[in-house]
Protein chains: 2
Amino acid sequence: MIFQVDFKSGKPVYLQLVDQIRYAAAAGALRSGEPLPSIRPLAEELRVNRNTIAKAYAELEGQGVIETIPGKGCFLKKSDSPFNKPVRQKLLAAEIDEAVVMAHHLQVDREKFLALVKERLDYFERKSDAKKND
Amino acid sequence: MIFQVDFKSGKPVYLQLVDQIRYAAAAGALRSGEPLPSIRPLAEELRVNRNTIAKAYAELEGQGVIETIPGKGCFLKKSDSPFNKPVRQKLLAAEIDEAVVMAHHLQVDREKFLALVKERLDYFERKSDAKKND
DNA sequence: TTTACTGTCATAGAACAGTATGACAGTTGG
DNA sequence: CCAACTGTCATACTGTTCTATGACAGTAAA
């Protein structure tokens, strides 16, 4: 797993990492139980402060994506949804609304939008499957 | 059009307004060419500084949602996409990916996800249609 | 136990975001 | 022209966010 940070993007480094790890987990590049790079070496590699990595990991733990075992390290959680069904749906609906509103402003019609959604779903599924069979 | 701000939500007031106006435009509650409330009266009504409203409007202008005519006021733009087709698709794909990744972490499967997307699309279409026929 | 690794916490400083005030410029109608 | 309205800009204050440093605590193996 290779991470990249862009210092001039304006986006906080720790959030860039959070996103990358969430994406990697969703795309299957990181799998359940797999260990994440430990904080200090990764910080050195990315030329970033230890605590910046630590903050990213802490955020991911808060989101229920990873799990940290004191003295051992951080690992990808198996089942990573700490929320119940109605809360899940509400969170997800809000996220989807963002995309729907944007589609409207960009003048992308319903059919084009649905096609794009399916394309993105396929993209993640392909990536995930490819990883399984290696 | 009535706006509401929540001071204890943690979310910046000007961004709350940006979202509300974008949503209102997408849902048809605000229509092309329609004037937005002028800055000072709206600021007074919401008990907010003038510049907070001004910032929200400036942000919306940057996004191509509204248009401001010096000395006259701010108006909803007719066709509000200043981007070309490939850029549009890329922006939208990124937004959709956010939702797809979240769906994965919340363990919402493909079919459920697609159903939810359709439901949200319908929701906005209904709102928009209702407004047209009044 | 010692050493070398894991993550954690308290603290501090720099940069940024959010908001507020006052002075300014364009438009419209009396 | 003048008054009352529109949005704009420069500036400053405040609180928060982001990053960095150093000391600390748990785990594992020699």
Side-chain angles (χ1 to χ4, degrees), chain A residues 1 3-22 25 30 33-78 80, chain B residues 1 3-22 25 30 33-78 80:
Chain A
M1 188 62 212
F3 300 109
Q4 285 187 330
V5 292
D6 176 4
F7 291 100
K8 54 187 183 324
S9 79
K11 189 166 187 174
V13 172
Y14 86 99
L15 283 181
Q16 293 183 38
L17 288 171
V18 167
D19 281 349
Q20 285 180 44
I21 294 170
R22 280 172 61 89
L30 280 171
E34 227 174 291
L36 273 71
S38 47
I39 290 181
R40 270 159 248 241
L42 180 57
E44 200 168 337
E45 189 188 323
L46 299 178
R47 309 295 182 85
V48 155
N49 191 272
R50 318 186 284 263
N51 254 17
T52 301
I53 310 287
K55 190 168 187 180
Y57 283 9
E59 172 69 23
L60 286 164
E61 177 153 43
Q63 293 180 10
V65 176
I66 70 176
E67 185 174 24
T68 127
I69 301 175
K72 298 193 73 175
C74 295
F75 305 85
L76 218 67
K77 258 198 177 176
K78 312 218 186 303
D80 59 1
Chain B
M1 189 61 212
F3 300 109
Q4 285 187 330
V5 292
D6 177 4
F7 291 101
K8 51 188 187 322
S9 79
K11 189 166 188 174
V13 171
Y14 86 99
L15 283 182
Q16 293 182 38
L17 288 170
V18 168
D19 282 349
Q20 284 179 44
I21 295 170
R22 280 171 60 90
L30 280 172
E34 226 174 292
L36 274 71
S38 47
I39 291 182
R40 271 161 248 240
L42 180 57
E44 202 168 335
E45 189 189 323
L46 299 178
R47 311 292 182 84
V48 156
N49 191 272
R50 316 187 284 264
N51 257 15
T52 302
I53 310 288
K55 190 167 187 180
Y57 283 9
E59 172 70 23
L60 286 164
E61 178 153 43
Q63 293 179 11
V65 177
I66 71 176
E67 185 174 23
T68 129
I69 300 176
K72 298 193 71 174
C74 295
F75 305 85
L76 218 67
K77 259 199 176 173
K78 311 216 186 308
D80 61 358

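So you know, we letter chains A, B, ... as the sequences are listed, proteins then strands, and number each from 1.
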Does a side-chain heavy-atom distance below 4.5 Å link I53(B) with L46(B)? yes
Scan the side chains in residues 5-15 of chain B for donor-acceptor partners under 3.5 Å anywhere in the protein, sequence neighbours excluded, and list what turns up.
{"from": "D6(B)", "atom 1": "OD1", "to": "K8(B)", "atom 2": "N", "distance (Å)": "3.0"}
{"from": "S9(B)", "atom 1": "OG", "to": "D6(B)", "atom 2": "O", "distance (Å)": "3.2"}
{"from": "S9(B)", "atom 1": "OG", "to": "K11(B)", "atom 2": "N", "distance (Å)": "3.0"}
{"from": "S9(B)", "atom 1": "OG", "to": "Q16(B)", "atom 2": "NE2", "distance (Å)": "3.1"}
{"from": "K11(B)", "atom 1": "NZ", "to": "D19(B)", "atom 2": "OD2", "distance (Å)": "2.5"}

What's the [atom1]-[atom2] distance between [X] and [N], to the nearest Å?
X	N	atom1	atom2	answer
E59(A)	dT8(C)	CD	P	14 Å
L36(A)	dT6(C)	CG	C1'	13 Å
F7(B)	dG18(C)	CZ	P	15 Å
I53(B)	dT6(D)	CD1	C1'	15 Å
E44(A)	dG7(C)	CD	P	14 Å
F75(B)	dT6(D)	CZ	P	11 Å
N49(B)	dA17(C)	CG	C1'	15 Å
L60(B)	dT8(D)	CG	P	12 Å

L60(A): which of T68(A), I21(A), L76(A) passes side chain to side chain contact (heavy atoms under 4.5 Å, CB included): I21(A)
Listed nucleotide nearest any side-chain atom of [X], set [options]:
X	options	answer
R50(A)	dA20(D), dA23(D), dT21(C)	dA23(D)
R40(A)	dT8(C), dT21(D), dT8(D)	dT8(C)
C74(A)	dA20(D), dT6(D), dG7(C)	dG7(C)
K55(B)	dC9(D), dG18(C), dT6(D)	dG18(C)
N51(A)	dA10(C), dA20(C), dT8(C)	dA10(C)

So how far is it from [X] [atom1] to [Y] [atom2], rounded to the nearest 0.5 Å?
X	Y	atom1	atom2	value
E67(B)	K72(B)	CD	NZ	11.0 Å
T52(B)	R50(B)	OG1	CZ	10.5 Å
L30(B)	R22(B)	CG	CZ	13.0 Å
L36(B)	L42(B)	CG	CG	8.5 Å

Less than 4.0 angstrom between a side-chain N/O of T52(B) and OP1 or OP2 of dG18(C), yes or no? no
Counting only side-chain N and O atoms of T68(B), is one of them less than 4.0 Å from OP1 or OP2 of dG7(D)? no
For residues Y57(A) and I66(A), report the shortest heavy-atom separation together with the two atoms involved. O-CD1, 3.4 Å
Exercise: identify the closest heavy-atom pair between V18(B) and A56(B): CG2-O, 3.6 Å
Which atoms of nucleotides 26-28 of chain C (N or O only) lie under 3.5 Å from a protein N or O atom, and what are those distances?
{"from": "dG26(C)", "atom 1": "N2", "to": "G71(B)", "atom 2": "O", "distance (Å)": "3.4"}
{"from": "dT28(C)", "atom 1": "OP1", "to": "K72(B)", "atom 2": "NZ", "distance (Å)": "3.3"}

Decide if atom CD of E61(A) counts as having more than 12 heavy atoms of other residues, nucleotides or ligands within a radius under 6.0 Å. yes
DNA chain D contacts among residues 9-17 of chain A, heavy-atom distance under 4.0 Å: P12(A), V13(A), Y14(A)
